[in-house]
Amino acid sequence: MAQLAQVIVDVPTMQTNRPYTYQVPTRLENQVQLGMRVVVPFGNGKRQVQGFIVGLDQPTRYNGQLKAIDALMDLQPVIGDELLSLSKWLADRTYAFWISSIYTMLPNMLKAKSTRVVKIIDEVDEQIAFDVFHGKDELDFATVQSNPQIVSLLLKLQRQGKVRFEYVVADKAKAKTTVGIRPQLSFEELEEARTSLHANAHAQNRLLSYLQSIIGKTVKQVDAEKISGLKAATFNTGVQKGWLTKVPIEVYRTPLGQEPLPDDHHLAKPLTLNDEQQAAANEIEQAIDDSRSRVFLLEGVTGSGKTEVYLQSIAKALQNHKTALMLVPEISLTPQIVNRVRHRFGSKVAVLHSGLSAGERFDEWRRINRGEAQVVVGARSAIFAPLTNIGVIILDEEHESSYKQDEAPRYHAREVAKWRGKYNNAPVVLGSATPSLESRARAMKGVYQLLQLKHRVNKRPLPPIKVVDMRPEIKERGESNFSRELLTKLTDRLAKNEQSILMLNRRGFSSFMMCRDCGEVLKCPNCDISLTLHMDSHTMKCHYCGHEEPIPRFCPHCGSREIRYYGTGTEKVERELAGLIPQARVIRMDVDTTRRKGMHEKLLRQFGQHKADILLGTQMIAKGLDFPNVTLVGVLNADTGLGLPDFRSSERTFDLLSQVSGRAGRADKKGEVIIQTYNPDHYAIRFAQRNDYEGFFKREMALRHQASYPPYYFTVRLMASHEDEAIAARAMAQIKEQLTKSLMPSTIILGPTPRAIARMKRRYYYQIVIKYKQDQHLHPLLQKILQETQSKGKNDVQISIDPDPQYFM
DNA sequence: AGCACGCCGACT
DNA sequence: GTCGGCGTGCTC
């Protein structure tokens, strides 16, 4: 009986989200392996698609005629056993297509491009041959697809049997190569060739000697030229005479500034740990030794030396002949941290981040896949690095929301890390100065093991934080982003030739209403969550329960007319600053000034070289920066984030303020922090001012408990969209009915409500938020809803599901 | 996704 | 009568 293979095809729809069975042709029987890419026929006609082998020799219940695999795209599997089962789990967990989660784990280059080509097989009209086919005998269908006239013409020609549609699955995965030189003859034969040379053919004579010295080897031509001192032309002559051949040699693309460091010399030595660090490291290293899949929460204030604990844990894993994976939020994946790891572990390190080109990314991936790199540092998607035998997984800044992917598959890197930790029997270390409430709560329950670093390595106290109330400022001086106090301090730093960092909090740029007199933010009477301004309907809406009210003219709290929506931009602030302190040199860092590749690093380098006095930026400057000459940090608007319709808004504000405060006074000079706010008494700001994580945690937990939010409840968000608002709304109403019928009474269903941006890309969005403690009906029910509402075209309601959403907006 | 099949309106 | 519109259903 013929060998069978189960294949997941690259057709991301609900209907095709399952393996299809194919026959393995005899010629491929010895080569097929799980996790390889294949080209398979799929559907009517001659359509070909890329697929992945996810099973071999499993019985099939399919009664129809099986088709055969056309070709294997790989000699070695591109997904190992671990990642294969992870992909299945991921698809299930996040309600994504299996094929989508497979692609999420792989570099883009492994996604083959499938093109349709129209080939002329019989004489066609001259005019058509010229106009449509440009005189050639084939045509890329994609180039004419949008022209209905040409499309129908081609279809007509197809019916007449004059043209044929063909499919080409083209692999984009190309290794970069350089020219290599290999002697073609034996030592004696080369010697023989020497005798027939002209007496004055010195170069050829030298080439023969050189070739004799590299018998049986392949040398890059660039190196060969350097060593032998010969020119390219001489090597070409050698080829002509049959002395040598040129062969491609695979080389890795080297990202700029990431040239491999040699392993052998002056790798940075481990630093000496203090008692607290040592205690934490001991626990982690013990777990590595014992191959225990324990989760640790490493909670340490800024400057407490978490990174050194990470590095020594990685060293331990390597010592045990295992590999290590370290995740860092993209935003803090700065050369500073990367270099620290690379200087410790040299060429064992592979780095994955968004700045790499597709080719560079593919090469780093291959280095890992081949076992040439044992330490991986990267952002979110690096959690899928093809490491085997992982000894430890580290997530730095585990509370960062960027660990959650906000498009399908909507996975959280922390959850994937825990899965891989379990699979590999390896500990997972979650590190943060301000752990997420979820993680900290688990640590309190003993689900995670809490490791605390309470003291800073240099024993320096954290900089004092002053909160400035902007309400009287505005009253006395009118519109300004700068309080008198902040201006005075900035001028003072300028005089002392010290630097300052100013952060403009861009979170919450969306439109909410706040009173400039009393700081009151307009909230929903039912939900205790800010209302969002909807300009289309001229109303304030609650995105949780759907409550709606007119835009207020007076503050409902103090009656002031000074209630308006809130927000400002870095550019505006920069202009104001130029007017107030014209002599200050300012570097502005936001999405606009850092869009170009390498600009981020360049601006930071300039600031580090003191080419500016003030670094003005958005959240992107809150993390990881370490400039010894910075003695003042100012937060222009601490409270914008508080106005967001998001139950995590306080947590995020607390995190942000804690982070940015750590940027001041890193070295010997004393630092200080100014926080400007309209809500000086808000607990997130108060606790941040006192560096009191513990206090914040307790207070916030109480609020979450009271309002039934995570970590007391799990959440899922369902979204439906349609061009017709009524249809989207109706679909959601029906879904709600289904949910209410089948879910447990303790499960809370909120909505449906229109989303903050109710209309996007000409579609209307509605959402339902489900809060539950445990409900075994939920998962199967959501799967069922997805199946039933499977959209067959843009005329159908599209449903998407977001487990553990980061935002509810 | 892409393609075929199938059932209705305006044309060589 | 047929060409082609897009609703429906299937792809091992």
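Please read all numbers here as calculations on a predicted model, not as lab measurements. Chain A is the first sequence line, chain B the second, and so forth, proteins listed ahead of strands; every chain is numbered from 1. FYI, side chains are in, hydrogens and waters are out, and symmetry mates aren't considered; it's all heavy atoms of this structure.
Rounded to an integer number of Å, the gap from CZ of F42(A) to C1' of dC10(C) is 8 Å. Atom CD1 of I69(A) is separated from atom P of dC12(C) by 13 Å (rounded to the nearest Å). If you take OH of Y103(A) and P of dA1(B), they are 14 Å apart, rounded to a whole angstrom. Atom-to-atom, NZ of K67(A) to C1' of dT11(C) comes out at 7 Å; the value is rounded to the nearest Å. Per the geometry, CZ belonging to R47(A) stands 13 Å off C1' belonging to dA4(B), to the nearest Å. Rounded to whole Å, the distance from NZ on K111(A) to P on dA1(B) is 11 Å. Look at CG on N17(A): it is 13 Å from P on dA1(B), rounded to the nearest Å. Between the CH2 atom of W98(A) and the P atom of dA1(B) there is a distance of 21 Å, given to the nearest Å.
Under the stacking criterion of a centre-to-centre distance below 5.5 angstrom and an interplanar angle below 30°, Y20(A) is not stacked against the six-membered ring of dC12(C).
Within the nucleic acid shown, P19(A) has no heavy atom closer than 4.0 Å to any nucleic acid atom. Within 4.0 Å of R61(A), counting heavy atoms only, lies no atom of the nucleic acid at all.
Comparing atom distances between the V11(A) side chain and each of dA4(B), dA1(B), dC12(C) picks out dA1(B) as nearest. For Q15(A), counting side-chain heavy atoms from C-beta on, the closest listed nucleotide (dC10(C), dC12(C), dG2(B)) is dC10(C). When distances are taken from the side chain of N44(A) to each of dA1(B), dC12(C), dA4(B), the shortest belongs to dA4(B).
Residue-environment remark: CZ (F714(A)) stays at or below the threshold of 12 foreign heavy atoms within 6.0 Å.
Applying the side-chain contact (heavy atoms from CB on, under 4.5 Å) rule to L86(A) yields the partners L83(A), W89(A), M105(A), F384(A), V416(A), W419(A), R420(A); only residues at least two apart in sequence or on another chain are considered.
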Any N/O pairs under 3.5 Å between the protein and nucleotides 2-5 of chain C? List them or say none.
| from | atom 1 | to | atom 2 | distance (Å) |
| --- | --- | --- | --- | --- |
| dG4(C) | OP2 | R159(A) | NH2 | 3.1 |

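Ion pairing between a basic and an acidic side chain is recognised when a charged N comes within 4.0 Å of a carboxylate O; R253(A) and E360(A) show no such pairing. Between R367(A) and E364(A) there is a salt bridge, since at least one side-chain N of the basic residue sits less than 4.0 Å from a carboxylate O of the acidic one.
Between Y22(A) and dC12(C), a side-chain N or O to OP1/OP2 separation shorter than 4.0 Å is present.
Taking the six-membered ring where the residue is Trp, Y20(A) and F42(A) present perpendicular rings, their angle passing 60° and hence far from 30°. Between H412(A) and Y403(A), the ring planes are tilted. Angles from 30° to 60° get that label.
Taking the ring centre of Y103(A) as origin, the terminal cationic atom of K111(A) falls inside the region bounded by 6.0 Å and 45° from the ring axis.
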